[in-house]
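Written below as structure tokens is the structure these notes are about.
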Amino acid sequence: MALLAESRSWAEVARIAAEEAGAMLAQGRSATVEAWLDILPPEFLGRDPRLLQAAGVCRAQASPRAAQRAFEQAYEGFRAARDPRGMVQ
């Protein structure tokens with residue numbers, strides 16, 4: 001990820017983070033996922049509800065309000081995409 005971020009390949013960072021976040025969070029690697037999300041420009045984070053959902057999980061303990069906002073934005077993103085599976089996660 002560091003090389004992708006260094007080369008400003010934000011779309012690729014976002015893609016990998018979205019694909020891997022669920023498995024990594026299940027393994028307890030929330031600090032790594034949060035670090036990935038933190039390097040993304042905000043517009044990339046807001047484009048994918050999976051990233052917003054992961055951000056909510058990462059921030060749930062340290063910042064419940066920020067986590068709630070991220071979950072709400074993720075829900076709206078899943079709803080706009082007509083993704084009921086994402087909406088109930």
Side-chain angles (χ1 to χ4, degrees):
M1 283 295 208
L3 290 176
L4 291 172
E6 193 174 306
S7 67
R8 299 188 183 276
S9 299
W10 303 125
E12 193 66 11
V13 172
R15 182 190 66 76
I16 293 169
E19 290 176 3
E20 299 297 327
M24 298 209 35
L25 291 169
Q27 296 169 4
R29 298 173 68 190
S30 62
T32 300
V33 174
E34 188 169 21
W36 291 354
L37 299 177
D38 285 346
I39 63 173
L40 283 173
E43 61 270 15
F44 280 89
L45 186 62
R47 287 183 193 165
D48 192 330
R50 297 173 300 170
L51 296 174
L52 291 166
Q53 185 178 49
V57 172
C58 291
R59 297 179 180 131
Q61 297 298 317
S63 183
R65 287 189 181 152
Q68 182 178 354
R69 283 191 301 274
F71 286 134
E72 289 170 354
Q73 291 173 335
Y75 178 85
E76 290 303 320
F78 286 125
R79 190 172 72 137
R82 298 183 186 268
D83 183 352
R85 175 180 247 165
M87 290 169 60
V88 298
Q89 289 182 357

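- Note on Glu72 versus Arg69: no salt bridge recorded, every NZ/NE/NH1/NH2 to OD/OE distance being 4.0 Å or above.
- Remark: of the listed residues Thr32, Leu37, Asp38, Asp38 is the sole one forming a side chain to side chain contact (heavy atoms under 4.5 Å, CB included) with Glu34.
- Here the shortest heavy-atom pairing between Val13 and Met1 reads O-CE, 3.6 Å.
- Of all non-hydrogen atoms in Gly86 and Gln53, the two that sit nearest each other are O-NE2, 4.0 Å.
- The shortest side-chain heavy-atom distance between Glu43 and Arg47 falls under the 4.5 Å cut-off.
- A pairwise comparison of heavy atoms in Ala54 and Val33 identifies CB-CG1, 4.2 Å as the closest pair.
- Counting non-hydrogen atoms of other residues, nucleotides and ligands closer than 6.0 Å to CD of Gln27 gives a total above 12.
- Interatomic distance, CD of Gln68 versus OH of Tyr75, reported as 14.0 Å (0.5 Å rounding).
- Heavy atoms from other residues, nucleotides or ligands lying under 6.0 Å from CD of Glu19 number more than 12.
- Heavy-atom minimum distance, Ala74 versus Leu52: CB-CB, 3.8 Å.
- A continuous path of ILVMFWY side-chain contacts below 4.5 Å connects Phe44 to Val57, so both sit in one hydrophobic cluster.
- In this structure, Arg50 and Phe78 have side chains that are in contact, with non-hydrogen atoms separated by less than 4.5 Å.
- Residues Ser30 and Cys58 approach most closely at O-SG, 3.5 Å, considering heavy atoms.
- Trp10 and Pro41 make their closest contact through CD2-CD, 3.5 Å (heavy atoms, listed as atom of the first residue, atom of the second, distance).
- Interatomic distance, Glu20 CD to Arg15 CZ, rounded to the nearest 0.5 Å: 8.5 Å.
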